[in-house]
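First up is the structure itself, then whatever we jot down about it.
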Amino acid sequence: MPTAIEIFKHLPKKNCGKCNYPTCLAFAMQLANSKAKLDDCPFVSEQARAALAASSAPPIRLVRFGSGARVIELGDETELYRHEKRFFHPTAFTVVVPDSLAPSEAGRRAKEIAAVRFERVGQALSFDAVCIRDVSGDAARFASAAEAVGSSVDLPLVLSSGSPERMRQAAMKVIQRRPLLHGANAQNLVPMAALAKELSCPLALMQNGLGEMADLVAQARAAGVEDLVMDFRTSGLKDQLESSTVARKHSVKKTYRGLGYPILVEAGKGEDGILRGMLAVMKYGGLVLFEEISEAQALPLFVLRQNIYTDPQVPIQVKPGMYPVNGAKEDSPILFTTNFSLTYFTVLADIEKSKAPAWLLVVDSEGLSVMTAFSAGKLTPEIVAKALESSGAREKSRSGILVMPGMVSRMSGKLQEATGLKVIVGPKESSGLPKFMKGL
Ligand code: SF4
């Protein structure tokens, strides 16, 4: 969205008030904050409308592929650095299934890819899409592989082929899934762009060099395809970093709009593939294609992605409430902690390790950790007492024992008064819980 001053430049400057704001500048400020509509001014020229539409377009185009509930969104990023605001669309991880496999094998491989799943701080980590690659050069084989994969998994699909004809045959088998077509280059751009336009599918362009990619983007747009993804055919990590950074920087700073599209990275396989995948997550890759990747190799990449794409201003939280651990019963004690996800899962794991039945009361601290919440007045004896009432804790546990985190022991007296329970100060670090629970 352009700034108020940029918008103001395009307004008629009559200061007539017909937009319900006293001056054009006041109206521009409301527009910049999305609190007014351009249509509210009856005097805006078509030329001004077009200029404002162009400058309010996202710096990196939002490109979608997939269908129904399984749609991947790429691009629409507005920042160069995560700390400036946040990144919006996590890098999508895709694993390649070659059409050299028999259709049944291709389907089985796709199922294996879809089944990979880890859970970390309450979030599921998994692959996002499957890429069917034309390595056989046989149209019927490529189409059969696409069909087999499409009928085996509901993940979004990427079709990778340099042949417009083979791409057409495969795409027709899974067209209802709106696949991403990967394989347009300087030689086949005209038929590939025509196919993408006809099928309303996004198109990935393969080209090395920033200038050359900009030319290819311009040609694809001239052919009527706007949903584009850029695959810089880079020679190594340095080249990958440079292409991605220059494209992102010029797009976000709006110094050049011709490369404002999501970036696809062909990671390949092995150690080099993992490094390329890591770099793509850190530096502006929208989609990564892995030729091969094991679960052990994928996990650190999933975690890296999760960390980079978490909104730094919104801590990951768990739902407040009372949770049984190790088969807690009526006579089991209550321990409490905050709803900051990392704190909750650490405490939970340490109670589980003790094997002692207990109730874990999760207090709503707006996602802050114990010490931060205490310092900010979000973890007080009154708040804990309220959480005990709202979670029905007193009905679930009749032990009369409340174990508090040792870090905030200074509120133990007031906590006992506020809750009427016997308050026991637990260890300062949750790693001390297994030993502490044994002596409770
Ligand atoms: Fe300015 Fe248009 Fe509002 Fe009149 S209606 S004050 S010209 S923005």
Side-chain angles (χ1 to χ4, degrees), residues 1-65 71-90 178 193 196-197 200 202-203 210 213-230 244-263 284 286 309-314 366:
M1 176 58 79
T3 64
I5 295 298
E6 284 165 352
I7 296 170
F8 176 67
K9 283 182 200 158
H10 296 283
L11 294 180
K13 303 183 187 67
K14 288 176 186 272
N15 295 329
C16 64
K18 289 201 173 166
C19 55
N20 291 327
Y21 294 95
T23 62
C24 295
L25 183 58
F27 181 57
M29 288 167 80
Q30 297 303 315
L31 279 176
N33 289 319
S34 307
K35 288 184 179 161
K37 298 190 303 295
L38 193 58
D39 289 343
D40 294 343
C41 170
F43 307 112
V44 179
S45 67
E46 280 312 310
Q47 200 183 1
R49 239 174 241 286
L52 284 170
S55 63
S56 63
I60 298 173
R61 187 178 173 85
L62 175 66
V63 176
R64 297 184 177 94
F65 69 101
V71 170
I72 291 181
E73 294 193 334
L74 309 172
D76 200 19
E77 301 291 346
T78 56
E79 309 305 321
L80 201 50
Y81 303 109
R82 173 181 175 266
H83 62 259
E84 288 171 339
K85 190 176 179 186
R86 59 170 292 199
F87 293 161
F88 292 91
H89 295 112
R178 196 167 185 259
K197 190 176 175 199
S200 292
L203 183 65
L210 288 156
M213 179 61 87
D215 287 345
L216 208 58
V217 166
Q219 288 172 43
R221 291 187 62 194
V225 185
E226 290 287 346
D227 284 341
L228 299 170
V229 174
M230 303 183 298
S244 308
T245 308
V246 171
R248 177 70 160 249
K249 194 170 177 179
H250 282 295
S251 304
V252 168
K253 302 280 181 198
K254 298 189 178 176
T255 46
Y256 179 68
R257 304 296 297 266
L259 292 169
Y261 295 89
I263 293 170
Y284 316 134
Y309 282 87
T310 299
D311 185 346
Q313 296 169 56
V314 182
E366 298 174 20

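A quick note: this is a predicted structure, and the numbers were derived from the prediction, not measured. Order of listing sets the numbers, starting from 1, for every ligand and every atom in it.
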task = Give the residue, atom name and distance (to 0.1 Å) of the protein heavy atom nearest atom 8 (S) of ligand 1.
result = F27 CD2, 3.3 Å

key: Nearest-neighbour protein heavy atom for atom 3 (Fe) of ligand 1, which is reported as residue plus atom name and distance   = C19 SG, 2.3 Å

inquiry  = Between H89 (side chain only) and L74 (backbone N and O only), is there a donor and an acceptor less than 3.5 Å apart?
reply    = no

message = Can you tell me how the ring of F87 sits relative to the ring of Y309, calling it parallel under 30°, perpendicular over 60° and tilted otherwise?
response = tilted

message = With a 4.5 Å cut-off on side-chain heavy atoms, are Y261 and R221 touching?
response = yes

note = For G17, the ligand 1 atoms with a heavy-atom partner under 4.0 Å come out as 4 (Fe), 6 (S)

ask   = For ligand 1, which part of D40 has a heavy atom less than 4.0 Å away: the side chain, the backbone, both, or neither?
value = neither

note = The closest protein heavy-atom partner of atom 2 (Fe) of ligand 1 is C41 SG, 2.4 Å

query = Considering only heavy atoms of C24, which atoms of ligand 1 have at least one such atom less than 4.0 Å away?
reply = 1 (Fe), 6 (S), 7 (S), 8 (S)

query = Quick one: which ligand 1 atoms are inside 4.0 Å of a heavy atom on K14?
reply = 7 (S)

ask   = Quick one: does NZ or CZ of K249 land under 6.0 Å from the six-membered ring centre of Y256, within 45 degrees of the ring axis?
value = no

ask   = Please state which protein non-hydrogen atom is closest to atom 4 (Fe) of ligand 1 and give its distance, to 0.1 Å?
value = C16 SG, 2.4 Å

query = Honestly, is K14 close enough over F43, meaning NZ or CZ under 6.0 Å from the six-membered ring centre and within 45° of the axis?
reply = yes

key: Exam field: side chain R178 to backbone V71, donor-acceptor pair closer than 3.5 Å   = no

